[in-house]
A.B. asks: 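Mind looking over this structure? Questions follow.
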Amino acid sequence: MTRETSSDGGSELGRFLRARRARLTPEEAGLPAATGLRRTPGLRREELSTLAGISVDYYVRLERGKETRPSPSVVDALARALRLEDDEYEHLRNLAARAALPHSRLRSSGGTPITPEPRTAPSRAVRPGLKLLLEGMRPYPARVVSRTTDVLAHNPGGLRLLAGMEEWPAKERNIARYVFLHPAARGLFDDWSNQVRSCVARLRALAGTDPDAPDLARLAGELLVKSPDFARLWERYDVKGRSRGHGRKTFHHPEVGDLTLGFQSMELEGTPGHRLIAYYAEPGTPEYDTLVLLDMLGSQPSPAETAQSGRPSATAQDDASPSSS
């Protein structure tokens with residue numbers, strides 16, 4: 001995939017180990033403070049292997065993708081040595097499991113690797129019942145997004161809350177693309193830096209377990225070229241910091257002003273990783289009145305929507321046409 005194109009799970013495992021090793025100082029790992037100049041950022045390979053109780057040679061083979069079947073005990077030892085948090089530990093386990101897959105895909109005779117079937121992007125279809133739910137949630141903004149944050153369907157406020165996204169064609173509407181490339185995004189989100197880290201962490205986690213996914217490859221490839229911020233965060237290989245699915249967010253919206261909303265995100269069963277994201281405020285509060293106004297603004301067709309279909313956006317819209325992301 002782009003800078004690291006490879007379907008080799010072992011190499012992806014090695015990239016993650018290198019990135020985490022480079023981020024951990026000897027002091028953080030419980031080692032004596034380093035003296036003199038260190039040419040290697042973070043821990044040295046021999047320091048990490050000692051902490052994990054494995055040989056340096058074995059660890060080097062793991063990083064280089066030559067050893068692709070670490071035992072659960074080795075994975076656990078590396079997680080402890082690297083001081084991984086829960087999200088990172090889960091990701092390491094997933095990478096280790098995937099790294100062993102090429103060995104299980106050999107033909108029974110001759111050991112020749114089986115050529116994988118060409119990959120297709122996951123379905124973008126949104127069930128009619130979900131569109132009815134989006135419409136019924138008005139004036140609360142709500143949208144359905146794909147595993148790579150494509151906006152697949154939305155009610156009026158669900159799109160208008162992302163100021164300026166309504167001007168993009170439906171096939172380009174993607175939250176990760178928006179937060180990194182749209183000029184309004186930095187001013188819209190009160191916590192823009194957390195927002196972008198969360199987006200990259202989610203995509204990075206997907207890249208680790210499904211690096212050949214065509215939907216992810218297109219999006220990451222575009223953002224690596226167009227956004228230095230994305231490229232910098234991508235190289236850090238953070239998989240922690242993904243949104244926990246609920247909380248409160250503050251927006252500085254250019255049309256309706258400042259507002260702080262509760263939000264809830266939930267996985268949709270029976271879909272290829274789709275999520276429903278909804279925002280809310282208590283009725284009778286200024287925030288609720290602002291959501292009513294936002295819903296009214298969102299009901300007015302944008303130039304992009306008019307050019308696309310000629311239909312108004314007064315009801316929940318389906319953006320599930322093939323995406324360039």
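When reading the values below, keep in mind they use all heavy atoms of this one structure, side chains included, and skip hydrogens, waters and symmetry mates. What you see is a predicted model; the values in this text were computed from it and never measured.
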A.B. asks: Using the side chain to side chain contact (heavy atoms under 4.5 Å, CB included) rule, take Glu46 and Leu48 through it: C-alpha gap first, then chi angles, then the decisive distance, then the call.
C.D. replies: CA-CA 5 Å; Glu46 57 267 25; Leu48 179 55; over 6 Å; no
A.B. asks: Lys249 versus Asp190: any side-chain heavy-atom pair under 4.5 Å?
C.D. replies: no
A.B. asks: To the nearest 0.5 Å, tell me how far Arg275 CZ sits from Ser265 OG.
C.D. replies: 4.5 Å
A.B. asks: To check you understand the geometry: which heavy-atom pair defines the closest contact between Leu224 and Ala231, and what is its length?
C.D. replies: CD2-CA, 3.7 Å
A.B. asks: Report the C-alpha separation of Val145 and Ile277 in whole Å, then their side-chain angles, then the decisive distance to 0.1 Å, and conclude whether the side chain to side chain contact (heavy atoms under 4.5 Å, CB included) test is met.
C.D. replies: CA-CA 8 Å; Val145 302; Ile277 305 172; 3.9 Å; yes
A.B. asks: Can you name the closest pair of heavy atoms from Ala176 and Asn174 and give their distance?
C.D. replies: N-OD1, 2.9 Å
A.B. asks: Could you list the residues that satisfy side chain to side chain contact (heavy atoms under 4.5 Å, CB included) with Asp295, not counting sequence neighbours?
C.D. replies: Arg138, Pro139, Pro156, Ser299
A.B. asks: Quick one: does His154's side chain get under 4.5 Å of Val144's, heavy atoms only?
C.D. replies: no
A.B. asks: Are the charged groups of Glu63 and Arg15 less than 4.0 angstrom apart, N to O?
C.D. replies: no
A.B. asks: Under the ring-ring contact (aromatic ring centres under 6.0 Å, His included) test, which residues partner Phe16, sequence neighbours left out?
C.D. replies: His91, Tyr237
A.B. asks: What are the two closest non-hydrogen atoms of Ala125 and His274, and how far apart are they?
C.D. replies: O-CE1, 3.5 Å
A.B. asks: Please give me the minimum heavy-atom distance between Arg127 and Gly270, naming the atom from each residue.
C.D. replies: NH1-O, 3.7 Å
A.B. asks: Heavy atoms, side chains only, cut-off 4.5 Å: are Pro141 and Leu291 in contact?
C.D. replies: yes
A.B. asks: Could you go through the salt bridge (charged side-chain N to carboxylate O under 4.0 Å, His left out) check for Asp150 and Lys171 one step at a time?
C.D. replies: CA-CA 8 Å; Asp150 285 337; Lys171 66 179 183 179; over 6 Å; no
A.B. asks: Do any pairs count as a salt bridge (Lys or Arg N to Asp or Glu O under 4.0 Å) and have a residue in residues 282-293, sequence neighbours left out, and if so which ones?
C.D. replies: none
A.B. asks: Can you list the residues that meet the ring-ring contact (aromatic ring centres under 6.0 Å, His included) rule with Phe180, with sequence neighbours excluded?
C.D. replies: Phe230
A.B. asks: Quick one: are Arg21 and Tyr59 in side-chain contact, heavy atoms under 4.5 Å?
C.D. replies: yes
A.B. asks: Can you tell if the side chain of Leu132 reaches within under 4.5 Å of the side chain of Glu135, non-hydrogen atoms only?
C.D. replies: no
A.B. asks: At what distance, to the nearest 0.5 angstrom, does CG of Leu17 lie from CZ of Arg64?
C.D. replies: 13.5 Å
A.B. asks: When you check the gap from the basic side-chain N to the acidic O, do Asp76 and Arg93 get nearer than 4.0 Å?
C.D. replies: no
A.B. asks: OG1 of Thr149 to CZ of Arg173: how many Å apart, nearest 0.5 Å?
C.D. replies: 14.0 Å
A.B. asks: Between Arg186 and Asp229, is there a side-chain N and carboxylate O pair less than 4.0 Å apart?
C.D. replies: yes
A.B. asks: If you look at every heavy atom in Phe251 and Phe189, which pair is closest and at what distance?
C.D. replies: CE2-CE2, 3.7 Å
A.B. asks: Between Asp238 and Arg23, does any NZ, NE, NH1 or NH2 come within less than 4.0 Å of an OD or OE carboxylate oxygen?
C.D. replies: yes
A.B. asks: To the nearest 0.5 Å, what is the distance between CG (Leu31) and OG1 (Thr50)?
C.D. replies: 8.5 Å
A.B. asks: Hey, are the side chains of Leu62 and Leu13 touching, using non-hydrogen atoms and a 4.5 Å cut-off?
C.D. replies: yes
A.B. asks: Quick check for you: to the nearest 0.5 Å, what is the distance between Glu28 atom CD and Thr25 atom OG1?
C.D. replies: 3.5 Å
A.B. asks: Which residues pass the side chain to side chain contact (heavy atoms under 4.5 Å, CB included) test with Ala278, not counting sequence neighbours?
C.D. replies: Met137, Ala142
A.B. asks: Going by the rule side chain to side chain contact (heavy atoms under 4.5 Å, CB included), which residues pair with Pro283 if we only count those two or more places apart in sequence or in a different chain?
C.D. replies: Tyr140, Tyr288
A.B. asks: Is any side-chain heavy atom of Leu51 closer than 4.5 Å to one of Leu43?
C.D. replies: yes
A.B. asks: Mind checking what makes ring-ring contact (aromatic ring centres under 6.0 Å, His included) contact with His182, not counting sequence neighbours?
C.D. replies: Trp168, Tyr178
A.B. asks: Regarding Arg98 and Glu12, does a basic nitrogen lie under 4.0 Å from an acidic carboxylate oxygen?
C.D. replies: no
A.B. asks: Quick one: side chains of residues 77-85, donor-acceptor pairs under 3.5 Å with protein atoms, not counting sequence neighbours, listed by atom name and distance.
C.D. replies:
{"unit_1": "Arg83", "atom_1": "NH1", "unit_2": "Arg80", "atom_2": "O", "d": "3.2"}
{"unit_1": "Arg83", "atom_1": "NH2", "unit_2": "Ala29", "atom_2": "O", "d": "3.1"}
{"unit_1": "Glu85", "atom_1": "OE2", "unit_2": "Lys240", "atom_2": "NZ", "d": "3.4"}

A.B. asks: Val56: which other cluster members, linking ILVMFWY side chains closer than 4.5 Å, directly or transitively?
C.D. replies: Val60
A.B. asks: Going by heavy atoms in the side chains, are Leu134 and Leu276 under 4.5 Å from each other?
C.D. replies: yes
A.B. asks: Which residues pass the side chain to side chain contact (heavy atoms under 4.5 Å, CB included) test with Leu293, sequence neighbours left out?
C.D. replies: Val256, Leu297
A.B. asks: Tell me, please, which residues at least two apart from Glu47 pass salt bridge (charged side-chain N to carboxylate O under 4.0 Å, His left out).
C.D. replies: Arg38, Arg44
A.B. asks: Minimum heavy-atom separation for Thr148 to Leu203, with atom names?
C.D. replies: CA-CD2, 3.9 Å
A.B. asks: Between His253 and Asp258, does a side chain to side chain donor-acceptor pair (under 3.5 Å) hold up when you go through it step by step?
C.D. replies: CA-CA 6 Å; His253 201 281; Asp258 295 351; over 6 Å; no
A.B. asks: Among all residues two or more places apart in sequence or in another chain, which pass the salt bridge (charged side-chain N to carboxylate O under 4.0 Å, His left out) test with Arg143?
C.D. replies: none
A.B. asks: Go through the steps to decide whether Leu233 and Arg204 satisfy the test side chain to side chain contact (heavy atoms under 4.5 Å, CB included), and finish with yes or no.
C.D. replies: CA-CA 10 Å; Leu233 291 172; Arg204 249 311 185 183; over 6 Å; no
A.B. asks: Begin from the C-alpha positions of Val75 and Leu92 and carry the test side chain to side chain contact (heavy atoms under 4.5 Å, CB included) through to its verdict.
C.D. replies: CA-CA 7 Å; Val75 172; Leu92 177 62; 3.9 Å; yes
A.B. asks: So, Arg177 and Glu222, do they make that salt bridge, N to O below 4.0 Å?
C.D. replies: yes
A.B. asks: Distance-only, no hydrogens or angles: does the Asp191 side chain make a donor-acceptor pair with backbone N or O of Asn194 under 3.5 Å?
C.D. replies: no
A.B. asks: Please round to the nearest 0.5 Å and tell me the distance separating atom CZ of Arg202 and atom CG of Asp87.
C.D. replies: 10.0 Å
